[in-house]
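Each chain gets a letter, A, B and so on, in the order the sequences are listed, and its residues count up from 1.
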2 protein chains.
Amino acid sequence: MKQQDHSFLSPESVDEASRVFKALADPTRIKILYLLSQEECSVNHITEVLEMTQSAVSHQLSFLRNLRLVKYRREGNTFYYTYDDEHVITVLHQVLKHIKC
Amino acid sequence: MKQQDHSFLSPESVDEASRVFKALADPTRIKILYLLSQEECSVNHITEVLEMTQSAVSHQLSFLRNLRLVKYRREGNTFYYTYDDEHVITVLHQVLKHIKC
DNA sequence: ACTAAATATGAGCATATGCTCATATAATTA
DNA sequence: TAATTATATGAGCATATGCTCATATTTAGT
């Protein structure tokens, strides 16, 4: 196969794909997304379940927010996060399921 | 949901998933795996198609080999690589396809 | 045996990543 | 209004990552 025959895999597609995979390439983000795939969660709740500092969790949520993988709603002082990309959750579940086999 | 209710997502599963996603989280490795998903390739061929140095490609192949995502056969001086994890290729194709929408 | 070709590998370097620590912000409550 | 609660954010640091450069290894050809 010649070099020019690969043009259908555009640089944009490759970059976008690597961004998606990068989002899933960290244990903490996997746990957060998995949690959110089951229920809406406050930051504090995530912090307790994952036994991590509030700051670390918040930074990761900021990361996921920038990639539009999660969104949140506010209720007073509490921020409730949900996932915002069905496809990414599907891919995550698929890989997790496959690993258990 | 309480903390202990998440025990079914084992640390091993999370780590293994993050390893898989990490393998796909780099543009070069995406291109290599995509290429290999289409045809068996020599190192030299990959180097030419991706317009990268032999060393950089070889290092990435070594990385993918360690994760058992690719395998190779030797023919004289030439090493022909193929992918070795159908599921990872499926996930890659799925994400790439979704991005194009 | 000598040289060339194809690939692998170690060291080093610049950048990215994921955390901590301190602090900012905003809403709630006393 | 002051204190508390919930979250966000910037700086800094240790480690990881992905490349280059030089070199090793293995096979083929002369």
side-chain N/O A:Arg29 vs C:dG18 OP1/OP2, d < 4.0 Å: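 True: A:Arg29 side-chain N/O within range (under 4.0 Å) of C:dG18 OP1/OP2.
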Side-chain N or O of B:Thr28 closer than 4.0 Å to phosphate OP1/OP2 of D:dC19: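 Answer yes for this pair, as a side-chain N or O of B:Thr28 is under 4.0 Å from OP1 or OP2.
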[atom1] of [X] versus [atom2] of [N]: gap in Å, rounded?
{"X": "B:Asp26", "N": "D:dA16", "atom1": "CG", "atom2": "P", "value": "17 Å"}
{"X": "A:Asn77", "N": "C:dA30", "atom1": "CG", "atom2": "P", "value": "14 Å"}
{"X": "B:Tyr81", "N": "C:dT7", "atom1": "OH", "atom2": "P", "value": "9 Å"}
{"X": "B:Tyr80", "N": "C:dT7", "atom1": "OH", "atom2": "C1'", "value": "13 Å"}
{"X": "B:Phe79", "N": "C:dA5", "atom1": "CZ", "atom2": "P", "value": "17 Å"}
{"X": "A:Leu50", "N": "C:dT20", "atom1": "CG", "atom2": "P", "value": "12 Å"}
{"X": "A:Glu51", "N": "C:dC19", "atom1": "CD", "atom2": "P", "value": "14 Å"}
{"X": "A:Met52", "N": "C:dT17", "atom1": "CE", "atom2": "P", "value": "16 Å"}

Contact summary for B:Gly76 and B:Arg74, nearest pair of heavy atoms: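 Between these two residues, the closest heavy atoms are O-NE, 3.2 Å.
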Sugar-phosphate, base or nothing in reach of A:Thr53, heavy atoms under 4.0 Å: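 Counting heavy atoms under 4.0 Å across all strands, the contact made by A:Thr53 is with sugar-phosphate only.
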Sugar-phosphate, base or nothing in reach of A:Ser55, heavy atoms under 4.0 Å: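 Since a base atom lies under 4.0 Å of A:Ser55, the category is base.
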Beyond-backbone contact of A:Leu64 with A:Tyr81, side-chain heavy atoms, under 4.5 angstrom: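 No, every pair of side-chain atoms sits at 4.5 Å or beyond.
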Minimum side-chain heavy-atom gap B:Met52-B:Ile46 below 4.5 Å: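 Not touching, per the 4.5 Å side-chain cut-off.
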5' priority, DNA chain C, between A:Ala25 and B:Gln54 [closest heavy atom]: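 Comparing both residues, the 5'-ward one is B:Gln54.
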Closest-nucleotide ordering on DNA chain C, the 5'-leading residue of B:Ala56 and A:Lys22: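 It is B:Ala56 whose nearest nucleotide is closer to the 5' end.
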Could you check whether any side-chain N or O of [X] sits under 3.5 Å from a backbone N or O of [Y], counting only pairs where one atom can act as donor and the other as acceptor?
{"X": "B:Ser62", "Y": "B:Ser58", "result": "no"}
{"X": "A:Arg29", "Y": "A:Lys22", "result": "yes"}
{"X": "B:Arg73", "Y": "B:Tyr80", "result": "no"}

Test applied, side-chain contact (heavy atoms from CB on, under 4.5 Å); reference residue, A:Asp85; option that passes from A:Leu69, A:Val70, A:Val91, A:Leu92: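 In the set A:Leu69, A:Val70, A:Val91, A:Leu92, the residue that makes a side-chain contact (heavy atoms from CB on, under 4.5 Å) with A:Asp85 is A:Leu69.
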For DNA chain D, the residues among residues 57-75 of chain B that have a non-hydrogen atom under 4.0 Å from it: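 When residues 57-75 of chain B is checked for heavy atoms under 4.0 Å from DNA chain D, the hits, listed by number, are B:His59, B:Gln60, B:Arg74.
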